[in-house]
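One structure below.
Only a predicted model underlies this, so the values are computations on that prediction, with no experimental measurement involved.
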Amino acid sequence: MKPLNSPLEIGVRALVLLSESHPDALDLAQLALLDHAVLHSGEFDGPPSLHPDLPARTGELGLKRTVLEQALLVLIRAGLAELEADGTGLVYRATERGPAFVDVLEAPYILRLRERAEWAVHQWAPDTDVRATTRSLLTAPPSVTPRSFEGHHG
């Protein structure tokens, strides 16, 4: 089993993000970008990054969607998240059990993850254009540190 960026690891991070945004829903593009921002928060003027700054880190954003979809299916099957359609398309929402499940997780990594999820959902994301920021991240040269993207308005 691949331990890093596996469906299990991404699923836990997605559940933390969905729990932080609860009861609001997030679409797949929002979840992928928020997950990236949580892992590399130091690059976005947030708390120190959870994962190290590697030159090819923007490539992980492009590959994340498929694994994220698999992870979300696991959360749905476990009754921790749900999929619904709204006026914009398909969105994911934590069920009432989702935040309760996250509350019992006590590992130091989870505590740091929750701090960054709170920052990403409530401070960073409201001023961020998801599609423009994702496009900027995917087209930025690997050596560029994405401190300020055209998609962030803060």
Cluster overlap Ile10 with Leu105, hydrophobic side-chain contacts below 4.5 Å = yes
ask   = Which pairs pass salt bridge (charged side-chain N to carboxylate O under 4.0 Å, His left out) with one or both residues in residues 12-34, sequence neighbours excluded?
value = Glu9-Arg13, Arg13-Asp35, Asp27-Arg131
key: Gap separating the CG atom of Asp129 from the CZ atom of Arg135, nearest 0.5 angstrom   = 7.0 Å
request  = Measure across Arg65 and Ala32 and return the closest heavy-atom pair with its distance rounded to 0.1 Å.
outcome  = CG-CB, 4.4 Å
Heavy-atom closest contact (Ser49 atom, Ser41 atom, distance) = OG-N, 3.5 Å
ask   = Quick one: do Ile110 and Phe101 end up in the same hydrophobic cluster if we chain Ile, Leu, Val, Met, Phe, Trp and Tyr together by side-chain heavy atoms under 4.5 Å apart?
value = yes
key: Minimum heavy-atom distance between Ala71 and Pro7, given as atom pair plus value   = CB-O, 3.2 Å
remark   = What one should report as the nearest heavy-atom pair of Ser6 and Val67 is C-CG1, 3.8 Å
query = If you measure from OG1 on Thr134 to CD on Gln30, what distance do you get to the nearest 0.5 Å?
reply = 10.0 Å
task = Under the side chain to side chain contact (heavy atoms under 4.5 Å, CB included) rule, collect the residues that match up with Glu82, sequence neighbours excluded.
result = Glu84, Arg93, Thr95
request  = If a pair satisfies salt bridge (charged side-chain N to carboxylate O under 4.0 Å, His left out) and one of its residues is in residues 108-126, list it, with sequence neighbours excluded.
outcome  = Asp103-Arg114
message = Does any part of the side chain of Thr133, heavy atoms only, come nearer than 4.5 Å to the side chain of Trp124, both counted from C-beta?
response = yes
ask   = So, Ser21 side chain and Leu18 main chain: donor-acceptor pair closer than 3.5 Å or not?
value = yes
query = Between Val91 and Leu26, is there a shared hydrophobic cluster once you connect ILVMFWY residues whose side-chain heavy atoms come closer than 4.5 Å?
reply = no
ask   = Can you tell me how far CG of Leu83 sits from CG of Leu75, rounded to the nearest 0.5 angstrom?
value = 11.5 Å
request  = Is it possible for you to say whether Tyr109 and Val38 belong to one hydrophobic cluster, with membership spreading through side-chain heavy-atom contacts below 4.5 Å?
outcome  = yes
query = So, for Leu31 and Ala14, which heavy atoms are closest and what is the spacing to 0.1 Å?
reply = CD2-O, 4.3 Å
remark   = The single option from Leu17, Val102, Leu50 that satisfies side chain to side chain contact (heavy atoms under 4.5 Å, CB included) with Leu113 is Leu50
inquiry  = Exactly one of His40, His36, Glu43 should register a side chain to side chain contact (heavy atoms under 4.5 Å, CB included) with Leu137. Which one does?
reply    = His36
message = Quick check for you: to the nearest 0.5 Å, what is the distance between Leu80 atom CG and Tyr92 atom OH?
response = 14.5 Å
